[in-house]
Colleague: 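Structure provided below as structure tokens; questions to follow.
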Amino acid sequence: MPSWSDVKALNAAYTSTYRPTALFVGGTAGCGQGTAEAFARATQAAEKIIAGLPKHPESKYEFVECDASLMKNVVKAAEEVKHKITAASGKTKLNYLVLSQGIMTMSGFNPTSEGIDRKLALHFYGRWKFVDELLPLLEKASGDGEEARVMSILAPGTAGALNTSDFGLKKNYSVTRAGRQGPGYNDNFVAEYAARHPNISFIHIVPGFVDTSLFQGLPWYLKPFVSATKVFARSISDCGECMTSALLNPTYKTGGFWLGQGGDPISGGRLYVDDEDARRKLVEHFTKEVGF
């Protein structure tokens, strides 16, 4: 794992000939907030998350509200993002898309009004719906010789093989299965999208144990245990530095990558992404599920 000094040095050394455009989905709290703030420091981007970010005369920072558990909201938010990017820069392109929206819950299958389990909607369906909606902007950036990267912050290499008979876990749901299949879907979409869009970088990275508000959704009897273990958790800020280091690392310029909490590649033996037929079935399921 890269040392802390290496992480800080990489972020501090970042340079660019253009002002990058980045979208952080889930960036108002937790790992997403820390990554947005670290990215802002590394790129001298603008104005708490909103007023608290480093100020720069060429930068602009805006907030778009979105309940990302509903696909119709994702489409609406993506359209608003496109308009804001065009208005700010005159060019409709996106360099970095970071996805960290999620919940921690012990409840059972909890469908949204669109019929998707809310946890899976946040951890997988809504994330890649954002990717689909914004791919033209990423392709435009890549075509202009600029960075084009997608990062999903969750848990690579923790899923095992895909269960192709129960995508979405509507037949046999459990908290454990949801906790494993969501990351597995992300693993496979990184592989699939990297193959389909070879000029874009797709990263699935684990944030590690971070002191965030995510644990507030746990049952009361688990909260004392979480509180006791928080002494071992790293801060949102430190997590953000590591996520940003991976996001900006020249090694991950194009292709598919599955990374540990320090930004180093995880063992390929932990990944189950080589079954192209299973990946195809997952994409078909996803396309049907997010359409409305």
Colleague: Quick check for you: to the nearest 0.5 Å, what is the distance between I205 atom CD1 and M243 atom CE?
Modeller: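 If we round to the nearest 0.5 Å, I205:CD1 and M243:CE are 3.5 Å apart.
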
Colleague: Tell me whether V290 is reachable from L70 by hopping between hydrophobic residues (I, L, V, M, F, W, Y) whose side-chain heavy atoms are closer than 4.5 Å.
Modeller: no

Colleague: Does I203 reach the side chain of I153, with side-chain heavy atoms less than 4.5 Å apart?
Modeller: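 A side-chain contact under 4.5 Å is absent here.
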
Colleague: Hey, quick one: are Y18 and L23 part of the same hydrophobic cluster, counting side-chain heavy atoms closer than 4.5 Å, chains of contacts allowed?
Modeller: no

Colleague: Determine the interplanar angle of the Y252 and F257 rings, folded into 0 to 90°, and report it as parallel if under 30°, tilted if 30 to 60°, perpendicular if over 60°.
Modeller: tilted

Colleague: If you take all heavy atoms of F130 and C66, which pair is closest and at what distance?
Modeller: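 Heavy-atom minimum between the residues: CZ-SG, 4.2 Å.
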
Colleague: Got a sec: does the CG of D274 have more than 12 other heavy atoms crowding it under 6.0 Å?
Modeller: no

Colleague: Before giving the answer on side-chain contact (heavy atoms from CB on, under 4.5 Å), spell out for E139 and I200 the whole-Å C-alpha distance, their side-chain angles and the decisive distance to 0.1 Å.
Modeller: CA-CA 7 Å; E139 293 279 15; I200 297 176; 3.8 Å; yes

Colleague: Between atom CD of E289 and atom CG of L282, what is the distance when rounded to the nearest 0.5 Å?
Modeller: 11.0 Å

Colleague: Tell me whether N186 contacts the main-chain N or O of H123 through its side chain, where contact means a donor paired with an acceptor under 3.5 Å.
Modeller: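 It does hold such a pair.
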
Colleague: Before giving the answer on ring pair (Phe, Tyr, Trp, His ring centres under 6.0 Å), spell out for F124 and F189 the whole-Å C-alpha distance, their side-chain angles and the decisive distance to 0.1 Å.
Modeller: CA-CA 9 Å; F124 170 64; F189 260 52; 4.9 Å; yes

Colleague: Whether E192 and R196 form a salt bridge (side-chain N of Lys/Arg under 4.0 Å from carboxylate O of Asp/Glu) is what I want to check.
Modeller: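 So R196 pairs with E192 through a salt bridge.
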
Colleague: Flag the pair L94 / I85 as yes when at least one side-chain heavy-atom distance between them is below 4.5 Å, and no otherwise.
Modeller: yes

Colleague: Quick one: do F202 and V131 satisfy side-chain contact (heavy atoms from CB on, under 4.5 Å)? Show the steps, please.
Modeller: CA-CA 10 Å; F202 295 91; V131 175; 4.2 Å; yes

Colleague: So H197 and L135, do their side chains get closer than 4.5 Å, heavy atoms only?
Modeller: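 Of all side-chain heavy-atom pairs linking H197 with L135, at least one is under 4.5 Å.
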
Colleague: Please report the shortest heavy-atom distance between A77 and V64, naming the atom on each side.
Modeller: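 Shortest heavy-atom contact: CB-CG1, 4.1 Å.
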
Colleague: For T112 and R118, does a side-chain donor sit closer than 3.5 Å to a side-chain acceptor?
Modeller: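 Absent: no donor and acceptor within the cut-off.
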
Colleague: Give a yes or no on whether the backbone of L122 and the side-chain of R127 come within a donor-acceptor separation of less than 3.5 Å.
Modeller: yes

Colleague: Quick one: does any side-chain atom of N95 pair with a main-chain N or O of A148 as donor and acceptor, under 3.5 Å?
Modeller: no

Colleague: Verify whether one side chain among Y193 and D132 offers a donor that lies under 3.5 Å from an acceptor in the other.
Modeller: yes

Colleague: Find the distance between CH2 (W258) and CD1 (I266) and round it off to the nearest 0.5 Å.
Modeller: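 Here the rounded value is 8.5 Å.
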
Colleague: Using the side-chain contact (heavy atoms from CB on, under 4.5 Å) rule, take Q181 and N163 through it: C-alpha gap first, then chi angles, then the decisive distance, then the call.
Modeller: CA-CA 8 Å; Q181 288 299 295; N163 179 2; 4.2 Å; yes

Colleague: Find out whether K140 and T92 are in side-chain contact, i.e. whether some heavy atom of one side chain is under 4.5 Å from a heavy atom of the other.
Modeller: no

Colleague: Does any N or O in the side chain of S142 come within less than 3.5 Å of the main-chain N or O of N199, such that one atom is a donor and the other an acceptor?
Modeller: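 Checking the backbone N and O of N199 against the side chain of S142, a donor-acceptor pair under 3.5 Å is found.
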
Colleague: Is R279 salt-bridged to D275, cutoff N-O under 4.0 Å?
Modeller: no

Colleague: Can you tell me how the ring of F286 sits relative to the ring of Y125, calling it parallel under 30°, perpendicular over 60° and tilted otherwise?
Modeller: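 Because their plane-to-plane angle is under 30°, the rings of F286 and Y125 count as parallel.
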
Colleague: In terms of side-chain heavy atoms, does T254 have a donor or acceptor partner in S201 at a distance below 3.5 Å?
Modeller: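 No - no donor-acceptor pair under 3.5 Å links their side chains.
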
Colleague: Looking at OG of S16 and CG of L248, how far apart are the two atoms once the value is rounded to the nearest 0.5 Å?
Modeller: 9.5 Å

Colleague: Flag the pair D166 and K170 as a salt bridge only when some basic side-chain nitrogen lies within less than 4.0 angstrom of an acidic carboxylate oxygen.
Modeller: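 Salt bridge absent between D166 and K170.
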
Colleague: Checking K253 against E147 for the salt bridge (Lys or Arg N to Asp or Glu O under 4.0 Å) test, could you report, in this order, the C-alpha distance in whole Å, the side-chain angles of both residues, the deciding distance, and whether it holds?
Modeller: CA-CA 7 Å; K253 184 175 179 61; E147 293 285 304; 2.8 Å; yes

Colleague: A178 and K119: which non-hydrogen atoms are nearest, and at how many Å?
Modeller: CB-CD, 4.4 Å

Colleague: Work out which heavy atom in A194 is nearest to a heavy atom in G255; give both atom names and the distance.
Modeller: CB-C, 3.7 Å

Colleague: Just wondering, do L134 and K82 contact through their side chains at under 4.5 Å, heavy atoms?
Modeller: yes

Colleague: Give a yes-or-no answer on whether the side chains of E241 and N11 include a donor-acceptor pair shorter than 3.5 Å.
Modeller: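 Note: E241 and N11 side chains meet the donor-acceptor criterion.
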
Colleague: Minimum heavy-atom separation for A68 and Q101, please, with both atom names.
Modeller: CB-NE2, 4.1 Å

Colleague: Honestly curious: do L169 and L154 fall in one hydrophobic cluster under the side-chain, below-4.5 Å linking rule?
Modeller: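 L169 and L154: separate clusters.
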
Colleague: State the CD-OG distance between E114 and S69, to the nearest 0.5 angstrom.
Modeller: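 Interatomic distance, E114 CD to S69 OG, rounded to 0.5 Å: 7.5 Å.
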
Colleague: Check this for me, if you would: do E79 and K76 make a salt bridge, where the nitrogen-to-carboxylate-oxygen distance has to be below 4.0 angstrom?
Modeller: no

Colleague: Is it true that K129 and E133 have a side-chain N and a carboxylate O under 4.0 angstrom from each other?
Modeller: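 E133 and K129: salt-bridged.
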
Colleague: Does K93 come within less than 4.0 Å of E146, counting only side-chain N to carboxylate O?
Modeller: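 Salt bridge: yes.
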
Colleague: Could you please spell out the steps behind the side-chain hydrogen bond (donor to acceptor under 3.5 Å, both in side chains) verdict for Y272 and D187?
Modeller: CA-CA 8 Å; Y272 294 80; D187 281 345; over 6 Å; no

Colleague: Nearest 0.5 Å, please: how far is CZ in R177 from CG in N172?
Modeller: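 Spacing of CG (N172) from CZ (R177) equals 3.5 Å.
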
Colleague: Run the side-chain contact (heavy atoms from CB on, under 4.5 Å) check on L247 and V98 step by step: do they pass?
Modeller: CA-CA 9 Å; L247 182 67; V98 180; 3.8 Å; yes

Colleague: Applying the side chain to side chain donor-acceptor pair (under 3.5 Å) test to E284, which of K288, K281, R280 qualifies?
Modeller: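 Looking at K288, K281, R280, the match for E284 under the side chain to side chain donor-acceptor pair (under 3.5 Å) is R280.
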
Colleague: Mind listing the closest non-hydrogen atom pair of P156 and V206 along with its distance?
Modeller: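 It is CD-N, 3.4 Å.
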
Colleague: Would you confirm whether D117, through its side chain, and P111, through its main-chain N or O, come within 3.5 Å as a donor-acceptor pair?
Modeller: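 Answer holds: no.
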
